[in-house]
Amino acid sequence: MGDTGVSGGSVPTLPPLNIEKLPLVLAGPMVRRVDETGVTVFFALKAARKVTLEAYSGGSGPLPPEPAARGTAVTARIGEHLHVVAVTARPAPGGALAPGTVHRYTARFSADTTAPDTPVPAGAPGLFDDGVVHAQGAEARRRLLYTGTGAPDLPSFVTPPDHPSKLRFFHASCRKPHGEGLDALAVLDQVLRTDIGKPAHRPQQLFLTGDQIYADDVAEVLLHMCTQYGRALLGRDETFPTLPHEHRLLLMKPGKRQQLTVEDFHLTSDEGQSHLLTLAEFCVMYLMVWSDTLWPDGFDLRLLFPEFYDYEDMVLDHPHPDQADKLWFVHSFRRKALGTYRAFLGRCGHLKDFRRTLPKVRRALANTASYMMFDDHEVTDDWYIASSWVDGVCSTDHGRRFLANGIAAYAVFQHWGNVPAAFGPGPEGEAGRDLLTALAQPDHTAAGPAAVIARRTGVPSGTHSGRIMRADGSLPWHYSVDWPAHQLVAVDTRTQRVFRGGPKDSPALIWSDPAYAAMLESAPDRGTEKVTVVLSPCPVLGYPLLEEIAQPAIKKVIPTGYLWKDVEAWSHDEAAFHKFLARLLGQAQPGPDGVRRRRVISLGGDVHYGFAVRMRYGATHAYHAPEGKVRGVLAQLTASSLKNEAGGTKFLQGLGYAFTSPWATHLGWNVPHGERIAVDVEGPPSSPDPVRTILTESPGIVRPPRGRRLLGPAPHWECLFEYFEHHDPTAAPRPNATIPVEFPPDDPRQAVADYAAASGNHFNYLVKGTGRAIVGHNNIGEVTFTWGADDDKSVIQNLWWRFDGQETAAPLSRFVLPLPVGPATGTLAPDAPGTAPDNAPPTGAESLPGHEGTPR
């Protein structure tokens with residue numbers, strides 16, 4: 001995206017994709033699932049190949065004679081010039097990848113795809129041969145490797161360690177190419193440049209918690225590339241012949257699709273002017289966000305304005321972007337056309353920033369294991385937000401095909417790497433293999449393959465009694481992974497929803513017992529000495545000012561408010577929220593004292609700002625669960641967005657928790673059917689009488705006001721929420737400080753202080769201080785642990801972000817959340833009146849163990 005223009009008055013066009021000049025690898029290598037049983041690496045290629053992956057223990061020195069793990073796979077055909085593979089290297093029988101160890105890896109490619117289980121010969125082209133990753137092998141090395149002391153001479157990854165205190169992982173969400181600000185995913189490359197030669201400090205994992213692409217909100221020029229390059233790579237066009245009006249196919253042009261998507265596809269995104277619709281467009285979008293290979297060099301995308309806005313271009317007399325500043329004076333009376341042009345140039349500018357950092361992102365993904373889960377924008381905004389939405393979109397053949405296209409692309413480009421066994425041999429891989437076979441057909445829209453794709457992606461026919469109706473045999477999207485020190489449980493909060501209210505009411509993100517059994521209970525309990533990480537795209541614990549006040553108010557006032565403000569958080573279905581907590585925390589095996597204890601770290605994004613909140617939980621009879629004592633703690637760590645900051649998110653950062661109590665308590669009761677429970681809470685000082693609440697259905701929830709005590713009866717469970725401020729690690733800034741490039745992981749305090757001192761935002765950051773509890777700039781979260789004996793355990797989240805105008809990011813917001821689960825003693829009965837200190841929660845929270853730390 002340089003500044004090369006087009007002279008002579010000719011209308012510029014997008015340079016065609018020259019397949020012959022492209023390298024073999026269009027995207028990748030991307031390290032995906034890594035565990036003791038093997039490593040999976042993803043590639044997208046322009047031609048069919050057999051690929052052998054080999055991993056070697058150790059980050060330096062000559063390669064051992066035999067690899068620690070080896071695997072061979074043949075690519076799957078998506079189109080004439082698009083072939084993909086997630087190849088898994090496994091140790092020899094009886095072997096395992098050692099924990100906490102750097103492993104280098106190589107890949108070799110053969111055009112002979114016969115004998116798929118036979119390794120590719122040692123002399124076949126590899127990653128650093130000319131024409132494989134880049135036209136020049138030396139440039140391929142630069143794009144995939146880091147330099148410096150101890151840096152491996154091959155792409156590498158670190159296996160997860162054997163103790164929680166050694167864990168270091170990153171998480172993030174919401175990456176829109178034309179979103180404002182610089183891409184925070186490139187921060188991982190900044191971290192790796194510093195730590196690549198320090199195995200104990202290298203991040204072991206990256207968790208991407210949703211919206212890895214924006215299918216509904218696409219810049220015109222990016223959709224244009226997806227359409228044109230998709231046609232070249234897949235070798236075919238895709239139309240939607242069942243649309244009711246033939247002329248509406250003309251509205252498939254980038255920038256013109258809003259009417260089509262709303263009226264014919266019944267989608268609800270208000271940013272759908274350039275919505276992805278075809279399979280080719282979805283597939284190429286993934287290539288564009290994971291790699292810079294397809295992006296045109298030396299072509300100014302701003303010159304494509306006439307391609308999408310011919311009338312406005314004519315009105316403005318064919319403007320050249322280099323002269324754009326003059327237009328505001330010459331054509332000030334043509335405000336609408338000027339506004340369109342200005343917005344277009346802004347999107348192109350943000351795309352240029354995105355393109356500039358893509359090589360860093362590609363290198364980081366080649367050297368860190370990554371795990372992913374979809375949210376709505378992988379398919380479309382509001383995906384399955386309400387039963388009326390499902391019924392509307394699924395009422396047409398083209399609506400269902402659109403859903404199949406988006407979900408199938410997610411399956412290939414994201415989910416295959418999460419769960420390679422779901423596409424492999426044996427019964428477990430049947431659904432994935434069927435999907436890949438159907439996608440390989442010359443026309444995936446033909447009746448036969450289309451039916452297979454719809455079934456294997458779980459495309460619904462509609463809803464019935466609040467449940468999404470689909471044929472059996474869909475790929476399951478949830479998954480879990482076990483490592484020596486921690487466990488990942490990734491839950492599907494999108495396709496397993498149940499709509500328990502009206503057609504526009506908020507969904508239960510997970511409700512059915514079979515869904516809970518599959519997602520939570522199938523993952524074995526590893527005890528409180530291991531870390532349990534739950535990946536839920538929508539944060540389990542949200543920001544109450546928005547979720548409890550703003551969003552419900554908007555929904556009541558504006559008929560489409562449930563769509564506009566995405567009223568689909570966990571908290572919007574109270575029964576589903578408390579059922580989830582009971583299943584999540586109560587799933588632990590009882591200890592010798594009969595108490596079930598669990599520590600959980602929940603990772604989420606979606607909301608476009610980052611924060612940290614802790615909930616401590618105690619129950620004698622949790623909701624929708626058997627009787628029995630439960631003690632648990634849930635730390636919600638939210639990092640969002642990678643690239644989608646805006647004025648509203650920055651305002652929220654400045655606001656912080658100004659209108660939020662530092663803690664809140666929810667008390668819950670199981671109310672027997674047809675009965676009532678009267679709950680008394682201490683009244684205000686002006687009244688001697690208690691405030692009574694009559695609970696008539698389960699779950700019965702009471703939220704005592706701050707400083708008011710529960711008088712009775714004892715709750716069956718209680719939740720104590722605490723909202724954490726920034727835990728300031730900075731030292732006194734030195735005079736004449738300059739912005740550091742490196743932030744040593746063992747003691748980053750002085751580097752952070754220097755960064756803040758060198759920035760124009762130094763006063764706002766260090767003195768004003770409100771903008772560090774909630775981060776509205778583009779950010780990525782770093783997670784580490786302190787892990788002592790018993791309850792001496794904490795999780796630490798550093799949010800890395802940049803001040804405006806800075807290229808380098810820093811760990812500017814730090815949250816330290818203790819993780820106590822407490823002793824077996826203690827009761828949920830309320831304290832005697834008058835015994836609590838002034839700052840204590842109102843319900844006898846001393847009975848909830850571990851009331852310490854640094855909440856607000």
Side-chain angles (χ1 to χ4, degrees), residues 148 168 170 172 180-196 198 201 203 353 356-357 360 364 609-612 637-643 645-647 649-658 724-784 786 794 796-817 854 856:
R168 187 188 189 201
F170 281 72
E180 294 183 24
L182 294 179
D183 185 1
L185 190 52
V187 172
L188 184 57
D189 183 76
Q190 175 186 328
V191 171
L192 285 168
R193 289 203 313 270
T194 303
D195 302 335
I196 193 68
K198 307 169 187 175
H201 288 312
D353 289 338
R356 179 163 56 89
T357 58
K360 298 178 180 180
Y609 50 88
F611 62 96
L637 307 179
T638 302
S640 181
S641 58
L642 282 167
K643 195 177 191 301
E645 69 184 32
T649 63
K650 293 179 181 179
F651 171 78
L652 193 61
Q653 175 160 335
L655 186 68
Y657 287 123
F724 279 68
E725 295 274 11
H726 165 72
H727 185 84
D728 199 339
T730 59
R734 293 191 292 261
N736 303 318
T738 58
I739 291 179
V741 176
E742 297 183 354
F743 292 83
D746 48 348
D747 186 14
R749 291 176 297 171
Q750 188 59 58
V752 173
D754 289 349
Y755 182 101
S759 170
N761 293 279
H762 179 236
F763 174 80
N764 286 342
Y765 175 75
L766 288 180
V767 181
K768 188 176 174 183
T770 58
R772 287 175 288 168
I774 297 174
V775 176
H777 287 77
N778 292 337
N779 62 84
I780 186 171
E782 173 196 7
V783 180
T784 57
T786 59
S794 297
I796 301 163
Q797 170 168 259
N798 287 315
L799 287 179
W800 291 66
W801 50 280
R802 302 176 179 90
F803 289 129
D804 289 334
Q806 303 294 352
E807 289 276 334
T808 305
L812 294 172
S813 294
R814 177 180 174 86
F815 307 93
V816 181
L817 285 67
T854 55
R856 294 183 57 239

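The structure displayed is predicted, hence computed values, not measured ones.
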Would Phe611 and Tyr657 satisfy ring-ring contact (aromatic ring centres under 6.0 Å, His included), going step by step from the backbone distance to the final call? CA-CA 10 Å; Phe611 62 96; Tyr657 287 123; 7.3 Å; no

Interatomic distance, [X] atom [atom1] to [Y] atom [atom2] [nearest 0.5 angstrom]:
{"X": "Ile774", "Y": "His726", "atom1": "CD1", "atom2": "NE2", "answer": "14.0 Å"}
{"X": "Ser813", "Y": "Glu725", "atom1": "OG", "atom2": "CD", "answer": "10.0 Å"}
{"X": "Glu782", "Y": "Leu637", "atom1": "CD", "atom2": "CG", "answer": "11.5 Å"}
{"X": "Thr784", "Y": "Asn798", "atom1": "OG1", "atom2": "CG", "answer": "6.0 Å"}

Find out whether [X] and [Y] are in side-chain contact, i.e. whether some heavy atom of one side chain is under 4.5 Å from a heavy atom of the other.
{"X": "Leu642", "Y": "Ile780", "answer": "yes"}
{"X": "Arg356", "Y": "Leu182", "answer": "yes"}
{"X": "Leu655", "Y": "Leu652", "answer": "yes"}

Would you check, one step at a time, whether the test side-chain contact (heavy atoms from CB on, under 4.5 Å) holds for Asn778 with Ser641? CA-CA 5 Å; Asn778 292 337; Ser641 58; 3.5 Å; yes

Testing the basics here: between [X] and [Y], what is the closest heavy-atom pair and its distance to 0.1 Å?
{"X": "Glu180", "Y": "Ala646", "value": "OE1-CA, 4.2 Å"}
{"X": "Gly776", "Y": "Thr649", "value": "O-OG1, 2.7 Å"}
{"X": "Phe743", "Y": "Val752", "value": "CE2-N, 4.0 Å"}
{"X": "Ala639", "Y": "Leu799", "value": "CB-CD2, 4.0 Å"}
{"X": "Asn779", "Y": "Ala172", "value": "O-CB, 4.4 Å"}
{"X": "Pro740", "Y": "Ala751", "value": "CG-O, 3.3 Å"}

Using a strict cut-off of less than 4.0 Å between a Lys/Arg side-chain nitrogen and an Asp/Glu carboxylate oxygen, indicate whether Arg802 and Glu645 qualify as a salt bridge.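 No.
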
Looking at Asp195 and Arg168, does any basic side-chain N land under 4.0 Å from a carboxylate oxygen?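 A salt bridge links Asp195 with Arg168.
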
When you look at His777 and Asp804, which way does the side-chain contact (heavy atoms from CB on, under 4.5 Å) test go after all the steps? CA-CA 9 Å; His777 287 77; Asp804 289 334; 3.3 Å; yes

Test Arg814 against Ile796 for side-chain contact (heavy atoms from CB on, under 4.5 Å), laying out the working first. CA-CA 7 Å; Arg814 177 180 174 86; Ile796 301 163; 3.7 Å; yes

Mind telling me whether Phe170 and Trp800 have parallel, tilted or perpendicular rings, with 30° and 60° as the class edges?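 If you compare the ring of Trp800 with that of Phe170, the planes turn out tilted.
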
Derivation and outcome, side-chain contact (heavy atoms from CB on, under 4.5 Å), residues Arg193 and Val741: CA-CA 10 Å; Arg193 289 203 313 270; Val741 176; 4.0 Å; yes

Checking [X] side chain against [Y] main chain: does a donor-acceptor pair fall under 3.5 Å?
{"X": "Tyr755", "Y": "Leu812", "answer": "no"}
{"X": "Gln190", "Y": "Ala809", "answer": "yes"}
{"X": "Lys360", "Y": "Val187", "answer": "no"}

Just jot down the side chain to side chain contact (heavy atoms under 4.5 Å, CB included) partners of Ser640, sequence neighbours excluded, or say none.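 Once residues adjacent in sequence are excluded, the partners of Ser640 under the side chain to side chain contact (heavy atoms under 4.5 Å, CB included) criterion are Ser173, Cys174, His608.
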
